[in-house]
2 protein chains.
Amino acid sequence: MDLIAQKELPESEGADDHELCRAMGHILDRIGDKWTIMAVGALSDGPMRFNAMMRKIGGVSHRMLTLTLRGLEREGLLTRTAYPTIPPKVEYELTDLGRSLIAPLTLLADWAFENRPAMEQARLAYDKEHGGPAK
Amino acid sequence: MDLIAQKELPESEGADDHELCRAMGHILDRIGDKWTIMAVGALSDGPMRFNAMMRKIGGVSHRMLTLTLRGLEREGLLTRTAYPTIPPKVEYELTDLGRSLIAPLTLLADWAFENRPAMEQARLAYDKEHGGPAK
DNA sequence: CGGGATCCTCCAAGATACTG
DNA sequence: CAGTATCTTGGAGGATCCCG
């Protein structure tokens, strides 16, 4: 996509545009999904235990949180530390890589916060003009 | 989530945290999905026709592009202009609101671009340490 | 050319229950 | 408390065909 057009290697004639596009798509599929963002947000001010995250995020199933965290661990965005006590205690913490995501994500969150009214109003206008919410 | 914690209204005791969380989730569900980002990216340097977008994005089905564009129009991120010629010609263009999304999205894209190697390496390490890619 | 409708598939994700 | 396994289903999304 063009958002990264300026990053094309000079010698590659843009033929790899698709490559970059698809790579972006892949990464955005990962970091762009709801629970990932929630999880990174939850961990943004320090390590946290599994159930604490579940409560903090709210509305996420046990299973989905587990899968999301596995994925993030795999991508190197967070670390998982299990203390073999009874009962078990597992702490999750962002890595440097994960923390570096906070800044761009915060900007996006800011955008969302600031433009929520505009979007809602636009939606109302659209729904009024056309028949009903969707169709 | 905490990414927007600093934006809590002073008088609301954080009870609306869930509200904000869910609102964020909703918006991120919209603007965070793959095709939306692709579409905004495609339109980031000027208006474009439907089929041109399809070619530029690549890998998107006719139907999904239509639905995505409808959604974006509804949220006020772009405008749709149909010229009743034969054959028909329809142009899509970002609104000011839509254009204001480019900046934060570019930052995210930059992050993705810069950290792609790190993520791939982390994934390889993870897969080597544990058995196989997923399980 | 662009959009809608229809059909069909398939997988993401919730619920539940068991283990260490 | 944390994780895994199994089952089930809703709906996202592709393919296809027809219309203006």
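Each chain gets a letter, A, B and so on, in the order the sequences are listed, and its residues count up from 1. Only heavy atoms go into these numbers, but all of them, side chains included; no hydrogens, no water, no symmetry mates. None of the values given here were measured: they were computed from a predicted structure.
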| Under 4.0 Å: is that the gap between some side-chain N or O of B/R80 and OP1 or OP2 of C/dG2? |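 Answer is no, no contact under 4.0 Å.
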| request: Taking only the side-chain nitrogens and oxygens of B/Y92, find out if one of them lies under 4.0 Å from OP1 or OP2 of C/dC1. | output: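 No.
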Grab the [atom1]-[atom2] distance between [X] and [N] for me, whole Å please.
{"X": "A/E91", "N": "D/dC1", "atom1": "CD", "atom2": "P", "result": "15 Å"}
{"X": "B/I86", "N": "D/dC19", "atom1": "CD1", "atom2": "P", "result": "16 Å"}
{"X": "B/K89", "N": "C/dG3", "atom1": "NZ", "atom2": "C1'", "result": "18 Å"}
{"X": "A/M53", "N": "D/dC1", "atom1": "CE", "atom2": "C1'", "result": "15 Å"}
{"X": "B/L65", "N": "C/dG3", "atom1": "CG", "atom2": "P", "result": "8 Å"}
{"X": "B/E73", "N": "C/dG3", "atom1": "CD", "atom2": "C1'", "result": "13 Å"}

Report the nucleotide, chosen from [options], that has the shortest atom-to-atom distance to any side-chain atom of [X].
{"X": "B/M64", "options": "C/dG2, C/dA13, D/dG14", "value": "D/dG14"}
{"X": "B/N51", "options": "C/dG2, C/dG4, D/dG14", "value": "C/dG2"}
{"X": "A/T66", "options": "D/dA2, C/dG14, D/dT4", "value": "D/dT4"}

| field | Donor-acceptor under 3.5 Å (A/T68 side chain, A/T36 main chain) | value |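 Checked: no pair found.
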| said: Counting primed atoms plus P, OP1 and OP2 as sugar-phosphate and everything else as base, spell out the protein contacts along nucleotides 15-20 of chain C at 4.0 Å heavy-atom distance: B, S or - for each nucleotide, 5' to 3'. | reply: B----B
| Would you say A/I102 and B/L107 are hydrophobically clustered, going by side-chain heavy atoms of ILVMFWY under 4.5 Å? |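 No.
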| message | At 4.0 Å (heavy atoms only), tell me whether A/Y83 reaches a base, stays on the sugar-phosphate, or touches nothing. | response |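 Counting heavy atoms under 4.0 Å across all strands, no contact is made by A/Y83.
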| said: Within this structure, what is the CZ-CZ distance for the pair B/R55 and B/F50, rounded to the nearest 0.5 Å? | reply: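 Those atoms lie 11.0 Å apart.
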